[in-house]
Amino acid sequence: MMQKTIAAALLACGLLAAGLAAAGDCPAHYVGGRLPEIHNQKMAAATTELCYGVFGVMHSGLTRTPLWSAEHLTADNLAAAQDLSRENSFHAEPQLPAGQRAELSDYARSGFDRGHMAPNGDMPDRASQHQSFTLANMVPQDGDNNRHIWAGIEGAVRKMALKEGDLYVITGPAFIGGKLQKIGKVLVPSHLYKVVYSPRQRAGAAFFIENKSTTDYQVLSIAELESKIGINLLPSLSAQQKDTVLRLPNIRQRKAKR
DNA sequence: CGGGCCTCCCCT
DNA sequence: AGGGGAGGCCCG
């Protein structure tokens with residue numbers, strides 16, 4: 001059976017370097033085929049676009065995390081994902097130079113989870129699933145956050161995509177504030193976001209949450225989120241579209257103990 | 001409304 | 001390989 005090879009991905013990266021940067025290497029994963037634009041110059045340094053089967057990430061060699069991970073969720077792929085059991089295969093990203101990438105040792109006994117940006121639960125086949133376990137798709141995430149409220153957000157977005165038929169999703173970290181923690185050489189994000197864009201409704205919105213044990217989260221417009229993180233995530237949208245807040249499902253608050 | 005079961009994140 | 005917590009969901 002034919003499968004997309006790493007060699008093909010590397011070739012595409014070469015084409016990117018040759019001048020197709022506006023669309024990026026994997027336009028199929030992006031709304032309108034447009035690559036997000038990083039406006040903060042410091043964040044733009046040492047970035048590498050990595051394209052995988054059903055998602056693409058922009059990796060930062062400074063934070064040693066993705067800055068975003070972009071997916072086009074479809075009902076068909078999600079149906080396939082539901083039939084795929086989880087097989088863990090956390091690994092450092094071989095396409096990245098050692099001086100830029102996270103290693104398993106950075107996360108080991110760090111107290112933080114290796115939190116997927118593009119979630120395992122979205123992956124429709126074994127190859128994509130394995131790709132999702134690259135550390136280029138991970139950030140150090142508070143364990144309680146990741147396993148509870150964040151898992152709830154991911155599940156709600158999958159459910160919404162099944163209902164809508166398809167959905168574009170961009171997930172990533174935010175590094176806000178002066179006292180950011182590191183585990184090994186990996187920067188720990190202060191917040192996490194997940195953008196949901198519905199092509200059918202031509203509108204989007206974002207979950208925004210602190211990277212800590214909490215059940216509180218915010219729903220922001222695309223414009224508000226972009227201003228917080230300094231990235232134009234959806235260059236193909238009009239200003240008006242970025243101000244229109246798509247209705248997102250409510251995520252269940254934790255049941256009070258008694 | 002309550003209990004049992006399954007799914008979904010992970011860790012050491 | 002083994003362990004764990006919480007939310008979703010179905011059923012009575």
Side-chain angles (χ1 to χ4, degrees), chain A residues 52 54-55 57 64-66 68-69 71 73-93 102-164 167 169-174 181-184 186-189 191-196 207-219 247-258:
Chain A
Y52 304 99
V54 296
F55 68 100
V57 315
R64 305 200 186 208
T65 68
W68 72 73
S69 183
E71 311 167 77
L73 296 184
T74 64
D76 284 349
N77 277 353
L78 290 176
Q82 287 177 336
D83 293 332
L84 192 65
S85 63
R86 178 179 176 121
E87 279 185 10
N88 290 352
S89 59
F90 294 99
H91 58 276
E93 176 52 62
E103 302 289 346
L104 295 174
S105 56
D106 289 317
Y107 283 88
R109 289 173 295 280
S110 68
F112 286 87
D113 276 12
R114 296 168 290 200
H116 282 70
M117 295 295 90
N120 165 69
D122 291 354
M123 299 300 145
D125 56 66
R126 284 286 172 219
S128 296
Q129 181 179 60
H130 180 264
Q131 291 165 354
S132 83
F133 277 88
T134 175
L135 295 186
N137 184 45
M138 305 278 169
V139 305
Q141 185 172 2
D142 176 87
D144 180 71
N145 179 299
N146 183 34
R147 297 168 193 199
H148 304 132
I149 183 78
W150 192 251
I153 289 173
E154 290 177 342
V157 170
R158 277 192 285 274
K159 191 174 167 183
M160 187 174 172
L162 285 170
K163 204 169 68 177
E164 293 271 322
L167 220 51
V169 180
I170 307 180
T171 311
Q181 184 180 352
K182 271 189 176 182
I183 56 164
V186 182
L187 198 58
V188 178
H191 301 75
L192 302 169
Y193 66 83
K194 186 179 284 289
V195 167
V196 176
F207 294 98
F208 189 70
I209 188 171
E210 281 190 77
N211 185 20
K212 68 177 191 183
S213 175
T214 181
T215 60
D216 297 331
Y217 66 91
Q218 293 180 270
V219 173
R247 184 172 182 80
L248 295 178
N250 288 319
I251 309 303
R252 198 112 147 82
Q253 304 295 300
R254 179 176 317 189
K255 197 185 303 181
K257 282 195 172 183
R258 16 165 220 172

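In what follows, every chain begins at residue 1, and chains take the letters A, B, ... in the order their sequences are listed.
Between A/Ile149 atom CD1 and C/dG5 atom C1' there is a gap of 15 Å when expressed in whole angstrom units. A/Glu87 has its CD atom 14 Å from the P atom of B/dC9, to the nearest Å. Remark: C1' of B/dC9 and CG of A/Leu84 are 16 Å apart, rounded to the nearest angstrom. The distance between atom CH2 of A/Trp150 and atom C1' of B/dT7, rounded to the nearest whole Å, is 19 Å. Put simply, NE2 on A/His148 is 17 Å from P on B/dT7, counting in whole angstrom units. In this structure, A/Asp144 atom CG and B/dC9 atom P are separated by 16 Å, rounded to whole Å. Atom CD in A/Gln129 sits roughly 15 Å away from atom P in B/dT7 (whole-Å rounding).
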Report all interatomic pairs (protein N or O, nucleotide N or O of nucleotides 10-12 of chain B) with separations under 3.5 Å.
from   : atom 1 : to       : atom 2 : distance (Å)
B/dC10 : OP1    : A/Arg114 : O      : 3.1
B/dC10 : OP1    : A/His116 : N      : 2.8
B/dC10 : OP1    : A/His116 : ND1    : 3.2
B/dC10 : OP1    : A/Asn146 : ND2    : 3.4
B/dC10 : OP2    : A/Arg86  : NH1    : 3.1
B/dC10 : OP2    : A/Arg86  : NH2    : 2.7
B/dC10 : OP2    : A/His116 : ND1    : 3.3
B/dC10 : O5'    : A/Arg114 : O      : 3.4
B/dC10 : O5'    : A/Asn146 : ND2    : 2.6
B/dC10 : O3'    : A/Asp113 : OD1    : 3.3
B/dC11 : OP1    : A/Phe112 : O      : 3.3
B/dC11 : OP1    : A/Arg114 : N      : 2.9
B/dC11 : OP2    : A/Arg114 : NE     : 3.1
B/dC11 : OP2    : A/Arg114 : NH2    : 2.9
B/dC11 : O4'    : A/Arg147 : NH2    : 3.2

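In terms of heavy atoms, A/Ile153 sits closest to A/Phe207 at CG2-CD1, 3.7 Å.
Side-chain nitrogen and oxygen atoms of A/Lys159 include none within less than 4.0 Å of the OP1 or OP2 phosphate oxygen of B/dC8.
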Return all side-chain donor-acceptor pairs below 3.5 angstrom for residues 120-128 of chain A, not counting sequence neighbours, or 'none' if the list is empty.
from     : atom 1 : to       : atom 2 : distance (Å)
A/Asn120 : OD1    : A/Gln129 : NE2    : 2.8
A/Asp122 : OD1    : A/Arg158 : NH1    : 2.9
A/Asp125 : OD1    : A/Ala127 : N      : 3.1
A/Asp125 : OD1    : A/Ser128 : N      : 2.7
A/Asp125 : OD1    : A/Ser128 : OG     : 3.1
A/Asp125 : OD2    : A/Ser128 : OG     : 3.4
A/Arg126 : NH1    : A/Ser85  : O      : 2.9
A/Arg126 : NH1    : A/Gln129 : OE1    : 2.5
A/Arg126 : NH2    : A/Ser85  : OG     : 3.0

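Taking the side chain to side chain donor-acceptor pair (under 3.5 Å) definition, one finds that A/Glu93 meets it with A/Tyr52, A/Gln95, A/Thr134, sequence neighbours left out. When the ring pair (Phe, Tyr, Trp, His ring centres under 6.0 Å) test is applied to A/Phe133, the partners found at least two apart in sequence or on another chain are A/Phe90, A/His116. When the salt bridge (Lys or Arg N to Asp or Glu O under 4.0 Å) test is applied to A/Asp106, no partner is found at least two apart in sequence or on another chain. A/Glu154 pairs by the side chain to side chain donor-acceptor pair (under 3.5 Å) definition with A/Trp150, not counting sequence neighbours.
Residue A/Gly121 is classed as a sugar-phosphate contact, given heavy-atom separations below 4.0 Å to backbone atoms only.
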